Amino acid sequence: MAEGSDVWFRRFRRVARPRLRLVCLPHAGGSASAFRSWPQWLPEDVEVLAVNLPGRQDRLGEDCVSDMGRLADGVAEALLPLSGEPFALFGHSMGASVAFEVAHRLEQRYGTVPAALIVSGQQPPARYRVNEAHLGGDPGLLAEVRRLGGEGAAFLDSPEMRELLMPAIRGDFALMGAYRPDPSLRISAPVDAWVGDADVDVTVEETRAWAEVTTGPFAYRVFSGDHFYLNAQSAEFTGALVERLARTASKAGSAPHQVR
């Protein structure tokens, strides 16, 4: 899987000389369009790279990636040519797990450490619990997506949209159902872990346990809301993200940290 950055990333606002790039990975069944509005409330010198996963939008003709290793390899390889400027990784739910695996590959294989890893609404590797919703077929998946909520759940009420969205939902839940993270993996990037206080799938204790994956600084934050708190509490969430990125950019300097 060696496609280039133009295939893997969507830029909704190009920045000629970014002070920082924010690489965003969506939840299961989500797409790059989940981050379409983000550039409008981020600083003008922050460029958002929304990860464009196979099996949706303009990659609809491709099969979804069913193996976490292959998916993380593809994202890491596509990101490497863009790592000349400081970058941070953000992932929500499934995206948090992918972002961690990408960060580990970048550091171990290429010596490139993100300026920050922000994980949201997900259990850390040592606490990961397999979701077997995919074993119940489409009815089980539809019930799970509706249980989790989020802005995209309502689209499933339309037969036309359901037909369009279900391949990505099937593929992503199958990927996470097969995912068995290595609890011994460590990175040196600073890690922030965020969660909603009413998230029934991820506890505050599990969120704090993300500290175990990094030898660098760690912080966690609890927001009001459920699994998709970042939509329900958008003002608080975006304010926290802008503040975190400002600190990240000021510390990152002119190049990402190289470990070898």
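Being a predicted model, the structure only gives us computed values, none of them experimental. Side chains included, hydrogens not; waters and symmetry mates left out as well; all remaining heavy atoms used.
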Derivation and outcome, side chain to side chain donor-acceptor pair (under 3.5 Å), residues T203 and E205: CA-CA 5 Å; T203 68; E205 180 186 3; 5.0 Å; no
Derivation of the side chain to side chain contact (heavy atoms under 4.5 Å, CB included) call for I187 and F100: CA-CA 9 Å; I187 60 175; F100 170 70; 4.0 Å; yes
Steps toward salt bridge (charged side-chain N to carboxylate O under 4.0 Å, His left out) verdict (D192, R221): CA-CA 8 Å; D192 282 57; R221 181 163 181 157; over 6 Å; no
From CA spacing to verdict: side chain to side chain contact (heavy atoms under 4.5 Å, CB included), V213, F218: CA-CA 9 Å; V213 309; F218 173 77; over 6 Å; no
From CA spacing to verdict: side chain to side chain contact (heavy atoms under 4.5 Å, CB included), L230, H92: CA-CA 9 Å; L230 64 173; H92 179 68; 3.7 Å; yes
L22 vs F87, side chain to side chain contact (heavy atoms under 4.5 Å, CB included): CA-CA, chis, key distance, verdict: CA-CA 6 Å; L22 177 63; F87 66 95; over 6 Å; no
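The shortest distance between side-chain heavy atoms of H227 and S93 falls below 4.5 Å. Within the 4.5 Å cutoff, the side chain of V119 has no heavy atoms near those of the F90 side chain. Within the 4.5 Å cutoff, side-chain heavy atoms of V51 are placed close to those of F9. Counting heavy atoms from C-beta outward, R105 and V75 have side chains that stay 4.5 Å or more apart. Side-chain atoms of M68 and M176, non-hydrogen and from C-beta on, do get closer than 4.5 Å to each other. For the pair C24/V48, a side-chain contact is recorded, criterion being any heavy-atom separation below 4.5 Å from C-beta on. With a 4.5 Å cut-off on side-chain heavy atoms, R19 and V46 do not count as touching.
Within a 6.0 Å radius of CG in D182, other residues, nucleotides and ligands contribute more than 12 heavy atoms.
With hydrogens and angles left out, the side-chain atoms of S83 and Y110 include no donor and acceptor closer than 3.5 Å. In this model, no donor atom of one side chain and acceptor atom of the other lie less than 3.5 Å apart for E107 and T112. Side-chain polar atoms of S33 and Q57 form a donor-acceptor pair below 3.5 angstrom. A donor-acceptor contact closer than 3.5 angstrom is absent between the side chains of Y128 and Q122. Side-chain contact annotation: T248 with R244, donor-acceptor N/O pair under 3.5 Å present.
Judged by distance alone, with hydrogens and angles left aside, the side-chain atoms of D199 form no donor-acceptor pair with the main-chain N or O of G121 at under 3.5 Å. In this structure, T214 contributes its side chain and A211 its backbone to no donor-acceptor pair below 3.5 Å. No donor-acceptor pair closer than 3.5 Å links the side chain of N52 to the backbone N or O of A32.
The hydrophobic cluster containing V130 also contains V202, counting ILVMFWY residues as joined when their side-chain heavy atoms lie under 4.5 angstrom apart, directly or transitively. The hydrophobic clustering, which links ILVMFWY residues whose side-chain heavy atoms are closer than 4.5 Å, places W41 and Y229 together. Follow the hydrophobic side-chain contacts under 4.5 Å out from V15 and you never reach L49; the two are in separate clusters.
For the residue pair P167 and C64, the shortest heavy atom distance occurs at O-SG, 3.6 Å. Minimum heavy-atom separation, A99 to L117: CB-CD1, 3.6 Å. Scanning both residues, G30 and D172, for their nearest heavy atoms gives N-OD2, 4.2 Å. The minimum heavy-atom distance between A115 and L20, with the atom names listed, is CB-CD1, 4.5 Å. Across V204 and V195, no two heavy atoms sit closer than the pair CG2-CG1, 4.3 Å. Nearest heavy-atom pair, E101 versus A72, reported as atom, atom and distance to 0.1 Å: CB-CB, 3.7 Å.
A centroid separation of 6.0 Å or more is found between the aromatic rings of F12 and W38.
Ion pair E206/R127 not flagged as a salt bridge, since none of the NZ, NE, NH1 or NH2 atoms sits closer than 4.0 Å to an Asp/Glu carboxylate oxygen. For R11 and E47, the salt-bridge test passes: some basic side-chain N is under 4.0 Å from an acidic carboxylate O. A salt bridge is defined here as a Lys NZ or Arg NE, NH1 or NH2 lying under 4.0 Å from an Asp or Glu carboxylate O, and R17 with D45 fails to meet this definition.
Figure legend: cation-pi geometry between R59 and W8, with NZ or CZ positioned under 6.0 Å from the six-membered ring centre and within 45° of its axis. Figure legend: R208 and Y220 shown as a cation-pi pair, the cationic atom lying under 6.0 angstrom from the six-membered ring centre and within 45 degrees of its axis.
Between atom CG of residue L53 and atom CZ of residue R10 there is a gap of 11.0 Å, rounded to the nearest 0.5 Å. Note that OG of S97 and NE2 of H27 are 14.0 Å apart. Values are rounded to the nearest 0.5 Å. One finds the CG atom of L89 at 9.0 Å from the CD1 atom of I118 (value rounded to the nearest 0.5 Å). Taken to the nearest 0.5 Å, the CD1 atom of I169 stands 9.5 Å off from the CZ atom of R56. Of the inter-residue distances, the one linking D226 atom CG with L148 atom CG reads 9.0 Å to the nearest 0.5 angstrom. Rounding to the nearest 0.5 Å gives a distance of 8.5 Å between CD of E160 and CZ of R162.
Applying the salt bridge (Lys or Arg N to Asp or Glu O under 4.0 Å) test to pairs two or more places apart or on separate chains, those with a residue in residues 137-148 are D138-R170, E144-R147, R146-D157, R147-D201.
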